[in-house]
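Before any comments, here is the structure.
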Amino acid sequence: MPYCMTMPRIGFGYDSHRFAAGRPLVLGGVRIEHEQGLAGHSDADAVLHALTDALLGALGAGDIGERFPDTDPRWTGADSATFVRQAVELARRKGWRVENADVTVLAERPKLSAHKLAMRERIAALLGVGAEAVSVKAKTNERMGFVGREEGIAALAVVCLAEEGRRS
Ligand code: MG
């Protein structure tokens, strides 16, 4: 057995938002040019919402809907980076830091390959880690389901938290 090793904690998050005309498209904290954005109370950034839920999940600290309810006017039009930052701060207070994060975005359109690096760097900055600790992958849904019909975008995220102060 390794000496004094605390087991890491894993969290998983999922989110989806419906497309809506007249809204900006923001994914992974990056504004992306597209003919429509996503509907939502906040900026509807499904990637950062999935990531926030992954962080909260790893902490056993509820979910984004409990912590940032869409009935709260404070979150109207909110930059979803706020949710990620608060979840990271909660982790820090509980003695955890982010080890790495892995994100998959499901979108039929727009093509996201040109934006993956910017999302990766933005997410890394929000998590307080280097870009090498963050992965952003983009896929279509092969024209199947709500993503395939371009009704919306979905995102999945996994994070690993390590005990603060220890480097694996
Ligand atoms: Mg959401």
Can Arg67 and Thr52 be said to form a side-chain contact (heavy atoms from CB on, under 4.5 Å), step by step?
CA-CA 10 Å; Arg67 291 196 167 257; Thr52 301; over 6 Å; no

Tell me whether Phe146 shares a hydrophobic cluster with Leu106, the cluster being built from Ile, Leu, Val, Met, Phe, Trp, Tyr side chains joined at under 4.5 Å.
yes

Applying side chain to side chain donor-acceptor pair (under 3.5 Å), which residue pairs with at least one partner in residues 148-162 are found, sequence neighbours left out?
Arg109-Glu150, Arg143-Glu150, Arg149-Glu151

Is there a side-chain contact between Asn141 and Glu108, using heavy atoms and a 4.5 Å cut-off?
yes

Supply the atom-to-atom distance Ser80 OG to Arg85 CZ, rounded to the nearest 0.5 angstrom.
10.5 Å

Identify the heavy atoms of Cys160 and Pro8 that sit nearest to each other, and give their distance.
SG-CB, 3.6 Å

Let me confirm one number: the NZ-CG distance from Lys94 to Leu161, rounded to the nearest 0.5 Å.
11.0 Å

Minimal heavy-atom distance between Arg23 and Ser42, with the atoms involved, is NH2-O, 2.9 Å

Taking Asp72's backbone N and O only, do any of them form a donor-acceptor pair with His41's side chain (distance below 3.5 Å, no angle check)?
yes

Candidate pair Gln86 and Phe68, rule side-chain contact (heavy atoms from CB on, under 4.5 Å), full reasoning:
CA-CA 10 Å; Gln86 290 196 29; Phe68 310 102; 3.4 Å; yes

Taking it one step at a time, do Ser16 and His49 satisfy side chain to side chain donor-acceptor pair (under 3.5 Å)?
CA-CA 9 Å; Ser16 61; His49 293 184; over 6 Å; no

Spacing of Asp43 atom CG and His17 atom NE2 [to the nearest 0.5 Å]
8.5 Å

Please table the atom pairs, donor to acceptor, closer than 3.5 Å between any side-chain atom in residues 114-130 and protein atoms at least two apart or in another chain.
from   : atom 1 : to     : atom 2 : distance (Å)
Arg120 : NE     : Ala131 : O      : 2.8
Arg120 : NE     : Val134 : O      : 2.6
Arg120 : NH2    : Ala131 : O      : 3.2

Rounded at 0.5 Å granularity, tell me how far CZ in Phe83 sits from CG in Leu51.
12.5 Å

CD (Gln36) and CZ (Phe19) are apart, to the nearest 0.5 Å, by 5.0 Å

Report yes or no: do Phe12 and Ile10 belong to one cluster of Ile/Leu/Val/Met/Phe/Trp/Tyr joined by side chain heavy-atom distances under 4.5 Å?
yes

Roughly how far, to the nearest 0.5 Å, is the CG atom of Asn100 from the OG atom of Ser135?
8.5 Å

Side chain Asp45, main chain Leu48, donor-acceptor under 3.5 Å:
yes

Glu163 side-chain N/O to Gly95 backbone N/O, donor-acceptor pair under 3.5 Å
no

In terms of heavy-atom contacts, does NZ of Lys139 have more than 12 from other residues, nucleotides or ligands at under 6.0 Å?
no

Assigning hydrophobic clusters by single linkage (Ile, Leu, Val, Met, Phe, Trp, Tyr; side-chain heavy-atom cutoff under 4.5 Å), is Val136 placed with Val88?
yes

Hydrophobic cluster membership, with links at side-chain heavy-atom distances under 4.5 Å among I/L/V/M/F/W/Y: are Val84 and Trp96 in one?
yes

Which residue is it: Leu27, Ile153, Leu25? I am looking for the one with a side-chain contact (heavy atoms from CB on, under 4.5 Å) to His34.
Leu25

Is any side-chain heavy atom of Glu164 closer than 4.5 Å to one of Arg92?
yes

Hydrophobic clusters here meaning ILVMFWY residues chained together by side-chain heavy-atom distances under 4.5 Å, can you tell me if Ile32 and Val147 are in one?
no

Let me have the donor-acceptor pairs involving side chains of residues 53-66, under 3.5 Å, with sequence neighbours excluded, atom names and distances please.
from  : atom 1 : to    : atom 2 : distance (Å)
Asp53 : OD1    : Ile64 : N      : 2.7
Asp63 : OD1    : Gly65 : N      : 3.0
Asp63 : OD1    : Glu66 : N      : 2.9

